[in-house]
Enquirer: 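Sending over a structure as structure tokens; questions will come in a sec.
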2 protein chains.
Amino acid sequence: MTLDALPPHQGGAEQLARLLAQALLAGHWQPGDVFPRELDIGAHFNVSRNQVRNALTSLTAAGLLERTAGRGTLVREMGDWHLLDPLMSEWMTGLINLDPQLVKAIYAFRFSAEPVVAGLAAQAAQAEDIERLESAFTGMEKTASSVEARAEHAEYDVAFHDATYRASHNLVWRQMGHLLRPSIMALIHRSQDRTDTLDDSLTRHRQVLDAIRSRNANAAESAAREVLRRTAIDLGIVS
Amino acid sequence: MTLDALPPHQGGAEQLARLLAQALLAGHWQPGDVFPRELDIGAHFNVSRNQVRNALTSLTAAGLLERTAGRGTLVREMGDWHLLDPLMSEWMTGLINLDPQLVKAIYAFRFSAEPVVAGLAAQAAQAEDIERLESAFTGMEKTASSVEARAEHAEYDVAFHDATYRASHNLVWRQMGHLLRPSIMALIHRSQDRTDTLDDSLTRHRQVLDAIRSRNANAAESAAREVLRRTAIDLGIVS
DNA sequence: AGTCTAGTAAATGTCTGACATTTAGACAAG
DNA sequence: CTTGTCTAAATGTCAGACATTTACTAGACT
């Protein structure tokens with residue numbers, strides 16, 4: 001794989017890092033491949049070696065690359081990626097070509113984890129957590145009917161689930177909220193036209209909200225499972 | 001807080017990063033405090049500005065610091081830390097002064113998550129996963145009796161739980177295995193002298209292993225919960 | 001007195017060129 | 001066939017100058 005297929009870029013090292021990271025996430029290189037040399041990257045994009053090094057430092061920290069003096073830069077396999085690094089979430093968001101295997105893995109994680117998180121949220125939620133959940137839910141309601149607001153709807157969807165993670169009041173669970181945006185965005189094209197399933201989704205989200213509000217952990221748990229079940233079935237995670 | 005209290009260092013930027021990170025994790029600076037300037041750090045440790053910058057880049061990527069040109073470097077609060085960054089796990093491991101609140105948060109996470117993971121593992125485990133679990137378990141058995149082997153025992157303990165996460169065959173869950181080492185190491189001094197509780201621990205670990213081996217998800221789930229319950233009670237996570 | 005503006009100091013960010021170190025491979029001597 | 005050495009090529013490091021951002025200060029003007 002060469003750099004020729006990549007679009008030009010403008011801006012700092014962050015932009016360059018995003019560009020390269022998204023190319024890696026899209027699978028333009030195979031694990032074990034040698035990544036282009038610093039000087040070649042710099043020449044191709046007309047940036048200094050510094051910027052290239054800064055960008056590659058980010059990708060290395062995210063587990064995408066492995067660099068050794070003398071040998072060069074190698075592409076690591078998916079199992080080594082730091083999927084929970086916020087930078088990774090940012091890079092994954094808005095990436096159309098995200099590997100279906102990865103989308104499935106993230107969703108399978110959510111399907112197993114979010115019921116537990118919702119249960120914890122029902123136990124630990126404070127007033128401000130409930131407010132965040134309600135605000136996100138009403139946003140989802142407002143944007144449910146119109147088709148052109150589906151991007152906005154997805155944002156409220158993200159906000160709702162993120163509010164659930166935050167309501168657990170656990171520092172570790174809260175970190176995983178970062179995975180929500182790429183996960184939800186990657187599935188935005190799935191069953192987008194069926195308004196009946198959207199009504200269904202709203203109803204189930206409401207049940208999660210109600211269960212947390214009434215501090216019913218078991219109800220929150222099963223409600224959260226129901227929210228995710230349809231897509232889990234579609235993805236072949238559960239039958 | 002000044003740098004004077006920190007021990008000297010030798011080695012590259014990684015050592016320096018570890019040193020500074022552990023000082024931050026131990027709470028030597030308060031959130032919002034200004035961190036020493038690059039040049040001061042370099043002067044104090046006799047390293048080049050490059051090394052300092054590389055070290056600070058790591059700490060920034062881990063969410064420990066926030067840097068802005070002109071203003072300087074600020075210390076971020078615990079809620080912003082990237083607890084799931086493998087570097088953080090490495091830094092936390094072997095740190096005696098780890099914030100009790102953090103230890104509790106990580107353990108609370110494990111107490112809620114690991115039963116689910118064990119259930120998944122029972123469904124997805126392959127032969128090699130079982131082998132890893134068995135190998136770790138026999139290691140735990142061998143090192144259970146002698147007192148001087150407690151460090152080695154802890155390593156087998158880490159290996160056992162990590163094998164559980166890996167056996168789930170989910171990329172996201174697998175990442176969280178990194179948290180195990182600091183969590184287990186931080187609690188190594190807790191009830192270390194009670195051989196009866198150690199026998200108890202072994203028995204319960206065996207039940208997890210057996211449940212996964214016989215693909216009984218429900219049994220694995222409750223067995224994993226029992227493994228963690230005693231410490232969870234000690235930490236005040238559950239009553 | 002108050003407010004806007006220009007200027008200044010101080011911090012991080014960037015660039016550049018040279019050099020150091022590590023690695024893989026070639027090639028010859030033993 | 002092994003060992004050792006040399007060479008080329010890649011990343012890592014250094015040092016110094018400069019750029020940019022930020023906060024603060026001192027005047028000028030109303």
Enquirer: Would you please confirm or rule out a distance under 4.0 Å between OP1 or OP2 of D/dT13 and any side-chain N or O of B/Gln51?
Expert: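 It does not, given that no N or O in the side chain of B/Gln51 lies less than 4.0 Å from OP1 or OP2 of D/dT13.
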Enquirer: If you find the nucleotide of DNA chain D closest to B/Asn50 and the one closest to A/Leu39, which residue's nucleotide is nearer the 5' end?
Expert: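 It is A/Leu39, whose closest nucleotide lies nearer the 5' terminus.
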Enquirer: Considering all heavy atoms of both residues, which atom of B/Ser112 and which atom of A/Trp173 are nearest to each other, and what is their separation?
Expert: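 Smallest heavy-atom distance, with atoms named: OG-NE1, 3.0 Å.
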Enquirer: Within the 3.5 Å criterion, strictly below it, is a donor on B/Thr143 or B/His153 matched to an acceptor on the partner's side chain?
Expert: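 A pair is found: one side chain offers a donor N or O, the other an acceptor, under 3.5 Å apart.
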Enquirer: Return yes if the base of D/dG16 and the side-chain atoms of B/Arg49 contain a donor-acceptor N/O pair under 3.5 Å, otherwise no.
Expert: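 No, no donor-acceptor pair under 3.5 Å.
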Enquirer: In whole Å, I'd like the distance from the CG atom of B/Leu65 to the P atom of C/dA11.
Expert: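 Computing the B/Leu65:CG to C/dA11:P distance gives 16 Å.
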Enquirer: Picking from C/dT14, C/dT12, D/dA15, which would you name as closest to the side chain of B/Glu38?
Expert: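 Nearest to the side-chain atoms of B/Glu38, counting from C-beta on, is C/dT12.
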Enquirer: Taking the side chain as every heavy atom from C-beta outward, state whether A/Leu24 and A/Trp91 have any atom pair closer than 4.5 Å.
Expert: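 In short, these two side chains do not touch, never coming nearer than 4.5 Å.
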Enquirer: Looking at the side chain of A/Arg71, which of C/dT23, D/dT13, C/dT22 is the nearest nucleotide?
Expert: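 So the nucleotide nearest the side chain must be C/dT23.
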Enquirer: Nearest whole Å is fine: how far is C/dT23 C1' from A/Arg37 CZ?
Expert: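 From A/Arg37 CZ to C/dT23 C1': 15 Å.
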Enquirer: Mapping A/Ala69 and B/Ala69 to their closest nucleotides on DNA chain C, which lands nearer the 5' end?
Expert: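 The 5'-side residue here is B/Ala69.
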Enquirer: Without decimals, in angstroms, what is the distance between B/Asn54 CG and C/dT12 C1'?
Expert: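 The answer, rounded to whole Å, is 14 Å.
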Enquirer: Name the closest nucleotide to the B/Arg53 side chain, picking from D/dT21, C/dT14, C/dA24.
Expert: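 Ranking D/dT21, C/dT14, C/dA24 by closest atom to the B/Arg53 side chain puts C/dT14 first.
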Enquirer: Among C/dC15, C/dT12, D/dT13, which nucleotide sits nearest the side chain of B/Arg67?
Expert: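 So the side chain of B/Arg67 is nearest to C/dT12.
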Enquirer: Pairing donors with acceptors under 3.5 angstrom, does anything connect the side chains of A/Asp40 and A/His44?
Expert: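 Absent: no donor and acceptor within the cut-off.
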Enquirer: Is the A/Phe160-A/His205 ring centre distance short of 6.0 angstrom?
Expert: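 Aromatic pair counts; centres sit under 6.0 Å.
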Enquirer: Nearest whole Å is fine: how far is C/dT23 C1' from A/Glu66 CD?
Expert: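 Value for this atom pair: 13 Å.
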Enquirer: Does the side chain of B/Thr73 get closer than 4.0 angstrom to OP1 or OP2 of C/dT12 through an N or O atom?
Expert: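 Yes, because at least one side-chain N or O of B/Thr73 sits under 4.0 Å from OP1 or OP2 of C/dT12.
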Enquirer: May I have the distance from A/Gln15 (atom CD) to C/dT14 (atom P), rounded to whole angstrom?
Expert: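 Nearest whole value for this atom pair: 13 Å.
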